[in-house]
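Reading through the C-alpha cells given below for one structure.
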Protein chains: 2
Amino acid sequence: MLDGQDMAAIYIERWNAAAEAGPAAPCPVRNVLDKIGDKWSMLLVMTLAAGPKRFNELHREVPDISQKMLTQTLRDLQRDGYVGRQVFDTKPPSVEYRLTPLGQSLIVPFGQLIEWANRSFDKIDAARADYDAR
Amino acid sequence: MLDGQDMAAIYIERWNAAAEAGPAAPCPVRNVLDKIGDKWSMLLVMTLAAGPKRFNELHREVPDISQKMLTQTLRDLQRDGYVGRQVFDTKPPSVEYRLTPLGQSLIVPFGQLIEWANRSFDKIDAARADYDAR
DNA sequence: GGTGAAGATTACCTTGAGGTAAGTGCATGC
DNA sequence: GCATGCACTTACCTCAAGGTAATCTTCACC
C-alpha cells in the first residue's frame with residue numbers, strides 16, 4: 001500500500017514529465033483533475049451513478065445546467081470513456097446515457113474525496129472565519 | 001463502509017441544499033472540488049507533503065508558477081486551513097509554509113484519486129483516440 | 001395546420017482565472 | 001555603491017469556461 005507521500009511523488013513526477021514534453025503532452029493526472037474541477041462533469045457522473053438516464057431526465061434531475069452545457073459535458077465524458085451513449089430508434093428517438101466500467105471505477109476514489117469533503121467542511125469553514133477575522 | 005452510490009447521494013444532496021439556499025451558501029463539496037480543480041493548489045499541497053518549505057524554495061520546486069499565483073494560492077490554502085504560514089524574524093525575514101493536520105488528511109483521499117488517474121489514463125487515452133477516430 | 005416533446009446546435013456575451021512585467025523594502029556580499 | 005536574494009504587491013491583459021436565448025428536425029396529437 002502506498003502512502004500519501006508516494007502519491008504526491010506520482011503527481012509531481014507526472015507533472016514534471018509533462019512540463020518537459022511541452023504543451024502538446026498534458027499531464028495525465030491534471031487531465032482527470034480538470035474533469036473533477038469543472039462545474040458539471042462530476043455532478044453528472046454522480047447522477048448517473050444511480051443508473052442510466054435519458055437526456056431530458058438528466059436535465060430534470062440537474063435543472064441548473066443549461067442544455068448547451070449538458071450536451072457539451074456529456075460529449076466530453078463520452079470522449080474520455082466515462083459515459084456511454086445509446087440511441088434507441090423510437091419516434092422521436094430517445095437517447096440513454098450510462099456510466100461505463102471506467103466511469104464506475106472513478107466513483108470509488110472520487111467518493112472517498114466527497115466523504116472527506118463532507119467530513120471536513122466545518123473545519124474549513126472555521127479556518128476561514130478565523131482567517132477573515134484577522 | 002459506504003459505497004459509491006452513497007457518496008453520490010451525499011454530493012447531490014449537498015449540491016441541491018446549496019442550490020436552494022441561494023448563491024450565498026455555496027456547496028461545501030464544490031468548494032473542495034474547486035481547490036482540486038485549480039491549476040496550482042494541489043500541486044503545492046503535494047509539494048508540501050514532503051515537508052515544510054520556504055517561499056522561494058517552493059518557487060524553485062514548481063518553477064512554472066508565477067510569483068503572483070504562488071502568493072495567491074498559498075493565501076487561499078492558508079485561509080481554508082490547509083497550510084500554515086510561519087514568519088521567522090531573521091534578516092531578511094524568512095517565511096515557512098507547512099501542511100496543517102487538515103492539509104495532511106486531504107492527502108489520503110486525494111492520493112487515492114491520483115493513483116486512480118495514474119492507473120486509468122491509458123484507458124482514457126484509448127477512449128479518446130477511439131472517439132476521435134469517428 | 002398549429003402545438004409540443006425529444007435531443008440537440010448556434011451565435012453572442014460576461015466573468016474571472018491566470019499570465020506578464022514591473023516595482024518595493026531591506027540586508028548582505030563584492 | 002551596485003547588484004542580488006527574499007517575499008511579496010500592483011497594474012494590465014488575454015483567453016476560455018460557462019451562461020442566455022434563439023433555432024432546428026422529426027414525429028405525434030388534437
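Computed over heavy atoms, backbone and side chain alike; hydrogens, waters and symmetry mates excluded.
- Under the 30°/60° scheme for interplanar angles, the aromatic rings of A:W15 and B:W40 are found to be tilted.
- At a threshold of 4.0 angstrom between heavy atoms, the contacts of A:S94 are confined to the sugar-phosphate backbone, with no base atom among them.
- Taking atom CD1 of residue A:I65 and atom P of nucleotide D:dA17, one finds them 15 Å apart after rounding to whole Å.
- Going from atom CZ of A:F55 over to atom P of D:dT25 covers 18 Å, rounded to whole Å.
- The shortest distance between the side-chain N/O atoms of A:R75 and the OP1/OP2 oxygens of C:dA8 is below 4.0 Å.
- In this structure, CD of B:E57 is placed 16 Å from P of D:dG5, rounded to the nearest angstrom.
- Proximity of B:R60 to the phosphate of D:dC6: a side-chain N or O atom is located under 4.0 Å from OP1 or OP2.
- When side chains are defined from C-beta on, A:V32 does not count as touching A:D80, because their heavy atoms never get closer than 4.5 Å.
- Counting to the nearest Å, the P atom of C:dA11 and the CE atom of A:M69 are 17 Å from each other.
- Between A:G37 and B:V95, the residue anchored closer to the 5' end of DNA chain D is B:V95, taking for each the nucleotide with the nearest heavy atom.
- Residue-level contact check: A:F88 touches neither bases nor backbone, having no heavy atom under 4.0 Å from any strand.
- Atom CG of B:D76 and atom P of C:dG18 are 9 Å apart (whole Å).
- Residue contacts shown for A:K68 include a base, since a base heavy atom lies under 4.0 Å away.
- One finds a side-chain N or O of A:N56 lying less than 4.0 angstrom from the OP1 or OP2 phosphate oxygen of C:dG7.
- Between B:R54 and D:dA7 there is a side-chain N or O to OP1 or OP2 distance below 4.0 Å.
- Distance NE2 (B:H59) to P (D:dA7): 11 Å, rounded to an integer number of Å.
- Between B:I65 and B:H59 the shortest side-chain heavy-atom distance falls below 4.5 Å.
- Side-chain atoms of B:W40 lie closest to C:dG18 of the nucleotides D:dG19, C:dG18, C:dT9.
- The closest side-chain heavy-atom distance from B:D6 to B:I10 is not below 4.5 Å.
- In this structure, NZ of A:K53 is placed 14 Å from P of C:dG7, rounded to the nearest angstrom.
- Relative ring orientation between A:Y97 and A:F55 is described as tilted, the plane-to-plane angle lying within the 30° to 60° band.
- Closest to the side chain of B:T71, from the set D:dA22, C:dG19, D:dT9, is D:dT9.
- Protein atom CG of B:L70 is 16 Å distant from nucleotide atom C1' of C:dT20, rounded to whole Å.
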